[in-house]
Structure formats: structure tokens, C-alpha cells
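Take a look at the structure below.
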Amino acid sequence: MKTLNVNGKSVQFDGDEDTPLLWALREQLGLTGTKYGCGISACGACTVHVDGEAVRSCVYPVAAIENEKITTIEGLSKDGTHPVQQAWAELDVPQCGFCQPGMMMAVAAMLKDNPTATDADIDETITNICRCGTFARVRKGIHLAKKKL
Amino acid sequence: MNKLIKDFMPSSAPLTRRNFIVGTGAAGLALGVLGGCARTSDDAAIDYSALPPNPEVNAWVHIHHDDTVTVRVARSEMGQGTATGLAQLVAEDLECDWDNVTFEFPTPGESLKRDRVYRSFGTGGSQGLRGSVQYVREGGAAARLMLIEAAAAEWGVPASECTVSKGVIAHAASKNKTSYGKVAEAASKLTPPSEVTLKEPKDWDIIGQPKKRLDTAKKLTGELKYGADLTFPGMLTASVKDCPIIGGTLKSHDAEAAMAMPGVKKVLIVGEAVVVVADTWWQANSALEAMPIEWDGGKLANYGSTDVDALLDEGLAAKDSFTGNKKGDVAKALKGAAETLEATYNYPMQNHAPMEPMNATALWTADKCEVWCPTQNGESALSAVAEASGLPIEQCDVYKTILGGGFGRRGMSDYVTQAVKVAKEMPGTHIKLQWSREEDMLHGFVHPVTKATMRGGLDADGNLTALDMKISGQSILAALMPGVLEGSGGMDPVVFQGLLPSGGDKRVEDQTMKYSFPNVHVHHAMRNPPIRPGFWRGVNLNQNALYMECFLDEMAHAAGRDQLEFRLSLLKEEPKMAAVLEAAAEKGGWGRNDGKARGLANIYGFGSYVAACAEVSVDENGKLKMHKITAATDCGHAANPQQIEAQVEGSFVYGLSAMLYGEMTYKDGQPEQTNFDTFNSMRIAEMPEVETIIMPSGGFWGGVGEPTIAVAAPAVMNAIFAATGKRVRQLPLKDQNLSV
């Protein structure tokens, strides 16, 4: 049994600690907003925050977590009003939406570190895959979110 | 009463809001209503949820007491915005308040019980809107007339004296006023009108507006449940490994080893696939990964991409071919040409790779089989369920979720069949079958592989006199629906998307060639490698546009003519095609002398006219930078311009990912690409700026999800030539040296 701090709450995880955080979140804790897309840290659909840092949870074992605070898309804001969520809503960014929780978590972490992120910063930091191809609106969304920070 | 209108009549057992939602979202999952809306009823004192639900007005329209309008959407929503677009079509002729609109998916089983009232559930070929526009609008219009009639009857006034605006019905003389929600129950009991008149385009105020999507909110909080996210009490989860070798079989596996792993409940064999069922997917997949499995390769154990190449090259050289388009005497014209050109291009196999790997959740009991899944065709999935379950189709149903991408892959039901077969072994237990990304990539239905040799002739003045286009390669229909080719002597007309003459095969009338060539022959040597093909966003328009548009660029260059002027000279009889090309060129800075290289492409496909102007540069190391693509679309009527813009931008990512990286290669009878590390996809850093010009000329409904994908790659490749003077004819570009 391991205690994890997820979205501001203490939760008990009683599975194998080799389990990647992604599957602990999805299958033990019922937080299915974090998605499985590749399992090899290539696509970013599973991005969550560990102590505010963007982490690809599909290759991040529960065993590696000590007291860090984990934030998932469900905990990004209480009511969907994080600046990134607001910008995404305003611009209708998602298409199928499956990659967007990971995309938004990656963007939110970037803007926390770098609230004035430039296009070059975006190109370097945001490497999530979106097969629907929302990149044009993701970029606009990031610049809009900056204004709402 | 015509058949169409009769279908709108409530059935003897009306599909009420309550039983509908229970029906579509068992176990308390409110899958039924997917889009949020703000209810605008003026009477806050009434607890509407305490009232018995209204019956539906008709199959397409349900109106709640509080005026919430729920539009039924039979087509699938996979990101392309079809659900919102279809709701706009219904709402327009219903004359309701758009702010009160939401949508839900009827089930194919329900549709079957009602004489297929919802018609096609198929979501492909960019048909979502254009294929249903007439009947869904008639559904909205019929409901409007019934609602007005109900109000008029209540007031004892003629319906013709009543007016309606935003779901509020009024009768001026008697000063009566009511809202749709209050008369919906009475309206549901009326006989549907025998005919309806649809609103004229000039009167539209919902169609054509850049309405926000109805399904965005839940996508921003993680709340939306995709197929992969479903849970049910007592549910078990399955991971699968099917034989990765084409035509191979399972030789041995160690079920005991897997059974000893934590959480594992069962190991079973479905066809040639090993399936592990466990409490969680992570446990199931870990056990599967740890399990020793041996495959027997069979006849194709040594098959690979060199064999595919050889087959296609043989096809290019061979004399046999199906003719798709023929005019004049190409051989004679080529002989008499002042200059001839020849070039061979290729388009490799692609994986669909939607972000959500294939999955389906099935519950089988002796008298019922239910499946929850992301599918592009609810009815195909239902057929698959019936067949795999061994139950009559009336005892089966499919509950659709929003799809985490489809792109054609989810029109197939192989994963649905697999889930049902597993569930049948474990009666009474929900089984969520989830493919790993590797399984998804190893068991795709690839974009068909082709090559084309293009031969062209120019006269002394640089006019194109002849074009011979010989395509060699794979036919999707020959592999997936060979029966439909019987009527055409084995020819697959879909291979010629964008290249066919007008007035030919009706199935592809929306895929005809708009160029007027004095002599032309387009023909196909069908060569089918033993690798299953499928419909991949854009389908055969992708390579056909690339072959045609890149080669015409070569011809224009050889003729010493401007690429825009050269193309326009061949489009004199097609003003709509010429108009989009000119618009893309003009806004894209064609002819501008600013140090950037530009390329053009245009095509007619899926019923729409599209063109693109790409702007690129290539540095001294051969590194490509795609600065901008300007794209013009004439889709006739534009239901939702902001969603069209999103589709154009998105189609470019899909098409350009294929151009840059996409290639499924085979070795030892199996794919060499198994995940995004080997099958790469474009990232935001590579994304060009996209300017979308929507120029609806009216009078027709063209597709939107697919056409523009086909012009992205050729426009960029022509721009690369303009930048480097080097003609690249082989894809993907990752393997090409672009340095000058």
C-alpha cells in the first residue's frame, strides 16, 4: 500500500509499484482523463504534472514517487477555468480530443515555467503528437492562454 | 405520404428521452447526451427533471420540458465536427434556439427496430454532412410544423397564422405565445406532415455560422469517456497479441506462465491471437508481454517490402491495365510531340495510427450481446457483434462513444469481433479489450501502396498535348469488398479518385478530373500485395493528386511556363476549379519575389474543389522549413466555417506527416514499424502556418474532412523543387536528400 498525493488528495495505491503512474491513475484511481497513446513516452497523451513538472506517466513507475504532488487533467483546475482550458474552449482547439489532456498538461507546465513562451519555446517544449492535427490552434491557444495567466 | 416523411412518425413504442438515455448508456454512464447547453427556459420555479420526459417529436428531434433540444446524430463523431454540423442542419429547419441544442447518438439496434429510420451510420468518404443533409433537415422541418400545429390546436387558431422564432411560437392576433418544450408532447401525437419545405440558403442563420462545437467542454477536463475509458462493475480487461506475420499462425504459447501473473483471470485463443484477461489492462498486458509465444510464419514468412516494390514495378511495365479515363489517342500524340517527359512517383503504405488504439467493451449473455465502442460505422459494428456472438441481430446492440480519432481505421470491425469472442467465453462479465499501440500498428489496414509512371507530351509552343498516367498497385475494394467489382469486370473505380471522366460511374461522380487534356489515358495495373489495405483519410485522392500535380509542375517547367498559368490553361471549362486555384495562389503570394519558394496544387475530390499554395525554404544542409500553406476550398455550402478551417489545418498535418515520415515497410512477413518511434508523426515545430480560404459557391454540398489533405503534399513538393531545382519523386521525404 502506498499513499499518493493526487490532485490535492491523499489516495491509496495497493497495486504493484512497478505499475506505470498512467495505469495507476487510470485503473486504480479512476482518473481516465490521462490517456494511453503509445506506452513508450513518444506521444505525450499521458502527460501529467509531478511537482509541477510535465512528466510522461506511461513510463514513470509508481515506485519512483515519494512525496511528490501529482496533478492530472482532472485537477488542473476545479471547474475547467485554468487559462489553458479557457483558451482551448474559446478557440475550440480539440478535434477528437484524445491527445488534448496531455497536450494541455504539457502547455500548462511550460507556461508555469515560462509565462512568456515564444514560438521557438513552443516548438522546443511541446512535442506531443496530435493525429487530428490541431497544432495551428494549439499554438494560438498557447498565446491566448498567456494573456489570461 | 412519402416514405421519407413516414419515417419520422413516432413508432408504436416511442423512444423517450429517459429510455433512450438508459438504452445508450447502461450502468449509469450518461453516454446519451454528449454536448452541453445552457437551458434558457424562463420559468426557474419549475423542476423540469421531476416531470415525466416528453416523447420525441420525431426520430431526429427530442425536446425537453425546459426547451432543451436533443438532436439525434447517427454518424460518428471522431473530431471532424460532424455532430455539431448535423445538429446545425436540424436546428436550422427546426427554427429552435441554438443555445438550447445538444446531441446524442441513437444506437444501430434502435434504428433497425424502427425500419432503419436513421439510415446510414457510416462515417467515411467525407459523407457525414453531405450524405445526410436532406433527410436530417426534413426531420427538423417536419418537427417544426408539428410543434406549430400543436400550439395552434391548443389555441384554436389556424397554424398558418402562427410564427416561430428560436423555439418560441406566437400567434399575434390572440397574443398567445408558447415554447417548443411546452407543446412537444402534444406535437409527438400528431401525424407528421406529408411534405415539408426547407429554408432557402438566404434565410439560414445557423447553417453557415461559425458555431462552437457542442462537444468541447468535456474534452477539456478529462471528463469525456472514450471507449478506452469505460468501466463497468465487475469488468475485466483484455490485451491481445495476434500473429504479426501475414498469414501466419500461432504455434505455441505458455498459458500457465501467464496465469501465474498477478490479476490474470484467463488466457484464451481467438483465431490466431493470444488474449490475456485480467483485473487491469496493465496486468493483462504485462502477462502477455512476459508470455513465451511462438508463431508459425507460413508461406509469407520471408515476405517484405522489396517484394512489394518488385510487384509494383512489374505492374508498371506490364501491358495489362484497367482504363479509368481515356480521350483521344495518347500514343499518337506522344509520338508527334515536340518534347516528351517521363517520371515515376510512389506513395507508400501508411498506418492510420489514431491516438486512441483500437478497443471495444463487450457483454455477452445467452440472450443478449451489447458492445460499447468507438466505431465509424455503428451498423457494421452491429453486424459484427451479431455474427461473433451467435445471437440474432435483434438481440444485439452497439453503443457508440466519441472516437479518439478514426481516419478510416474504425470503419473496420475486426476489434469488435475480437471483443465479442472473448466476452462470449466469459458470459455475464463486461470485457474491455484494449489493443496496445504495437498491436494497433501491426494489425492495421494500410493506405494502399501504388506507383505511377507519368508520360507527357508538349508541342512546340509548350502546350500539353498528351498525358499517359499508368498507376500500378493496390486496390482497396479488391481486398475488402471484391463483390462490388464484379459489375466493372474487376476494375476498381475508386483507384481513380480525382481522375475519372464525368458521366461515368455514379459511385465516383464526386471524384472526377477537372483538367481538359486533348489526349489522355489514365490506367491501372492492379497489383495487390498480400497486405490488407484500407480507407485512409483522403484514400486514393492522396497519391493521385500527388502524381498529377507534381508531374504537371514538371511539364510546366519543361514548357518554360508559369505553373499557375499552365494549370489555368487546362481548366478553362472548370471555373470553380480555376477560382480556388487562383485564390490560393493570390493569397499565398504566388509570383512574389521574396526569396521564398512556392508550389501549387489543386484537385476536385469528395465533391469539393480545393487548391493549395505552399511556401517553403530549404537550407544548405537540405533541411526543409514549411513556412505557410494557403488553402482554398469550395465545398458548395459551408455548414460551419470555423470547423472547416480546423479540418483543413488538420488534414495538412495528416497528409504532411505521411509526406515527411509515413511509411509502413515489411520484413520477414511483418511490419517494421510498431510505434511512434518508428512511425513518426509531425509535431508542432514542423507545422506551417495555414491560411484557409472558404469560398462556398452554393448549390451543392461538398465534403470537407478529406479533400484538402490531397493538395498539401504536392504543393510542398512542388515548392521544394522551386527552392532546390531538384525533383523529389519518392516518399517519404525523410529518406531523401533535399540538399542542392
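Residue numbers start from 1 in every chain, and the chains themselves are labelled A, B, ... in the order their sequence lines are given, proteins ahead of strands.
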So what's closer than 4.5 Å to chain A heavy atoms on B/L403: side chain, backbone, both or neither? backbone
Give the minimum heavy-atom separation between B/L220 and A/P94, together with the two atoms involved. CD2-CG, 3.7 Å
Heavy-atom pairs under 4.5 Å with chain B: which of A/M104, A/Q100, A/M103 has the most? A/M104
When A/E124, A/H82, A/E90 are compared by non-hydrogen pairs under 4.5 Å with chain B, the top option: A/E90
Looking only at side chains, do B/Q647 and A/Q95 share a donor and an acceptor under 3.5 Å apart? yes
Would you mind checking which part of A/Q28 comes under 4.5 Å of any heavy atom in chain B, side chain (CB onward), backbone (N, CA, C, O), both or neither? side chain
What pair of heavy atoms forms the shortest contact from B/Y226 to A/G97, and how long is it? OH-C, 3.0 Å
Side chain, backbone, both or neither: which part of A/K140 has a non-hydrogen atom closer than 4.5 Å to chain B? side chain
Chain B heavy atoms under 4.5 Å from A/N128: which part of the residue, side chain, backbone, both or neither? backbone
Please classify the contact between B/M78 and chain A as side chain, backbone, both or neither, with a heavy-atom cut-off of under 4.5 Å. backbone
salt_bridge(B/R683, A/D123) N-O dist < 4.0 Å: no
Evaluation steps, salt bridge (Lys or Arg N to Asp or Glu O under 4.0 Å), between B/E645 and A/R137: CA-CA 10 Å; B/E645 185 182 79; A/R137 288 194 184 181; 3.1 Å; yes
What is the minimum heavy-atom distance between A/E27 and B/T280, and which atoms define it? OE1-CB, 2.8 Å
Quick one: do B/Y654 and A/C132 satisfy side-chain contact (heavy atoms from CB on, under 4.5 Å)? Show the steps, please. CA-CA 7 Å; B/Y654 212 60; A/C132 293; over 6 Å; no
Can you name the closest pair of heavy atoms from A/K35 and B/L224 and give their distance? NZ-O, 3.9 Å
Are there over 12 heavy-atom neighbours, none belonging to A/Q12, within less than 6.0 Å of that residue's CD? yes
Does any non-hydrogen side-chain atom of A/F98 lie less than 4.5 Å from one of B/K219? no
Tell me, side chain or backbone of B/Q642 under 4.5 Å from chain A's heavy atoms, or both, or neither? both
Rounded to the nearest 0.5 Å, how far apart are CG of A/D16 and OG of B/S286? 8.0 Å
Please evaluate residues B/E438 and A/I40 with respect to the criterion side-chain contact (heavy atoms from CB on, under 4.5 Å), reporting the C-alpha separation (whole Å), side-chain torsions for both, the decisive distance (0.1 Å), and the verdict. CA-CA 10 Å; B/E438 286 78 9; A/I40 59 165; 4.2 Å; yes
In terms of heavy-atom pairs under 4.5 Å with chain A, the winner among B/H352, B/E689, B/Q283 is B/H352
Is any side-chain heavy atom of B/P354 closer than 4.5 Å to a side-chain heavy atom of A/R131? no
What option among A/G15, A/A120, A/C38, A/G33 has the most heavy-atom pairs under 4.5 Å with chain B? A/C38
How far apart are the C-alpha atoms of B/R437 and A/Y36, what are their side-chain angles, what is the distance that settles it, and do they pass the side-chain contact (heavy atoms from CB on, under 4.5 Å) test? CA-CA 9 Å; B/R437 172 59 62 192; A/Y36 164 72; 3.8 Å; yes
Part of A/L31 lying under 4.5 Å from any heavy atom of chain B: neither
Of the backbone (N, CA, C, O) and the side chain (C-beta and beyond), which part of B/F652 lies under 4.5 Å from a heavy atom of chain A, both, or neither? neither
Pick from B/P357, B/A228, B/A646, B/G405: which one has the most heavy-atom pairs with chain A under 4.5 Å? B/A646
Roughly how far, to the nearest 0.5 Å, is the SG atom of A/C43 from the CE atom of B/M355? 4.0 Å
Who among A/G75, A/A89, A/G80 has the most heavy-atom pairs with chain B under 4.5 Å? A/A89
For residues B/T221 and A/E74, determine if any side-chain heavy atom of one lies less than 4.5 Å from a side-chain heavy atom of the other. no
Quick one: what part of A/I129 sits under 4.5 Å from any heavy atom of chain B, side chain, backbone, both or neither? both
Greatest number of heavy atom pairs closer than 4.5 Å to chain B - which of A/G37, A/C99, A/P101: A/G37
Which bit of A/R26 comes within less than 4.5 Å of chain B, counting heavy atoms only: side chain, backbone, both or neither? side chain
To the nearest 0.5 Å, atom CD of B/E77 lies from atom SG of A/C96 at 9.5 Å
Counting neighbours of NZ on B/K212 that are heavy atoms of other residues, nucleotides or ligands and sit closer than 6.0 Å, is the number greater than 12? yes
Determine the option with the most heavy-atom pairs under 4.5 angstrom with chain B, choosing from A/D92, A/V84, A/I73. A/D92
